[in-house]
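Let me begin by presenting the structure, written as structure tokens, before commenting on it.
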Amino acid sequence: MDAKQIRADFIKFFQDKDHRFIRSSPVVPVDDPTLLFTNAGMNQFKPIFMGTNKPEYSRAVNTQKCIRVSGKHNDLEEVGVDTFHHTFFEMLGNWSFGDYYKAEAIQWAWELFTDVWGLDKNRLWATVYHEDDEAFDLWPKVTGIDPARVLKCDKKDNFWEMGETGPCGPCSEIHYYIGDDPSKQTADGVNVSDQYWELWNLVFIQNNRLEDGSLEELPEKHVDTGAGLERIVTVLQGKTSNYESDLFSTIISKTEELTGKSYIDNAAPFQVIADHIRMLSFSIADGALPSNDGRGYVLRRIDRKSGSAG
Ligand code: SER
């Protein structure tokens, strides 16, 4: 199954459940001074969560171009070190705006992973925010998952926030064991070992973080989910590195052709170049240009880093 098919499957799955397809917003945020780059699928829906914009639809699905190189979400240092974090990636997501909540979000994520895509249930783990007993109880109830595979985690891993301020809430993540030997899985590895990949984050948006650090309740409760396309494609293609999936293979082979070097012998610099080229291409296509400050300076640094990687 190629990446195009996997992306299309995701969108169709939720369209069949009455979700409206919404195009990705640009990676340069349209009207949000709190962000240098779009860092999540939910950014364009922030006014809806805040109650300042009422949409004509209450369910949405999309695939969002995201960049995580600044602010609260920054994965730059992982690139070239591991095989599954990127400065630029695509986030598949489904949304409920004051419509369905935890039960459906959990049930549908499980259905897509296990029934539609056939992921092995014995490699999947779910985490919930340690105070969220409702999600903890729902997991085995609506999915049949082995309760030993549902873990309570703290705020660092299971309370999602887009930035210093803004909509946020407890979340539930789905992790997948990519190791060779499933009998070696332990709960302790989740969120710790790079053999366990977070594939999907289901956020139950119910709060707004204010500038003084306090939380206020939002007028309604919403669902914001984000699943990393690159990781899902890699897992479904039976690989253990995103760079071996069809999303990256063209860039990797073109780099081999241009440099006359092989990926196998030069994995880290090839990965940095492949990652950074995507980030730069999408940023420039969406209107950002390298410069001496702010967003443009981030682009300049990424450009220099990819140059020195080679
Ligand atoms: N906003 C959440 C995230 O970015 C889920 O979409 O992980």
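As a basis for the values below, the full set of heavy atoms in this structure was taken, side chains included, without hydrogen atoms, waters or symmetry mates. All ligand and atom numbering here is 1-based and tracks the order in the structure. Given the structure is predicted, the values throughout are model-derived calculations rather than measurements.
The pair E104-R59 fails the salt-bridge criterion, with no side-chain N (NZ, NE, NH1 or NH2) lying under 4.0 Å from an Asp/Glu carboxylate O. Under a 4.0 Å N-O distance rule, the pair K152/D133 qualifies as a salt bridge. With salt bridges taken as basic N to acidic carboxylate O contacts below 4.0 Å, one links E220 and K54. Under the 4.0 Å criterion applied to side-chain N and carboxylate O atoms, K72 and E161 are not assigned as salt-bridge partners.
Shown in contact with T225 at under 4.0 Å from a heavy atom are these atoms of ligand 1, numbered in order with element: 5 (C), 6 (O). Under a 4.0 Å criterion applied to the non-hydrogen atoms of V203, ligand 1 contributes the atoms 2 (C), 5 (C). Each of the following atoms of ligand 1 lies closer than 4.0 Å to a heavy atom of N201: 2 (C), 3 (C), 5 (C), 7 (O). The contact set between ligand 1 and R68, taken as ligand atoms under 4.0 Å from a residue heavy atom, comprises 3 (C), 4 (O). In the vicinity of M42, heavy-atom distances shorter than 4.0 Å reach the ligand 1 atoms 1 (N). Interface atoms of ligand 1 facing G226, defined by a heavy-atom separation under 4.0 Å, are 5 (C), 6 (O).
The shortest N/O to N/O separation between A40 and ligand 1 does not fall below 3.5 Å.
At least one heavy atom of M91 sits closer than 4.0 Å to an atom of ligand 1.
Residues Y243 and F270 keep their aromatic ring centres 6.0 Å or farther apart. Taking the six-membered ring wherever Trp is involved, the centroid distance between the rings of W200 and F10 falls below 6.0 Å.
Under a cut-off of 6.0 angstrom, the local environment of OH in Y57 is crowded, with over 12 non-hydrogen atoms contributed by other residues, nucleotides or ligands.
What sits closest to atom 6 (O) of ligand 1 on the protein, heavy atoms only, is D224 OD1, 2.7 Å.
Nearest to atom 3 (C) of ligand 1 by heavy atom, out of W200, W95, W160, F45, is W160.
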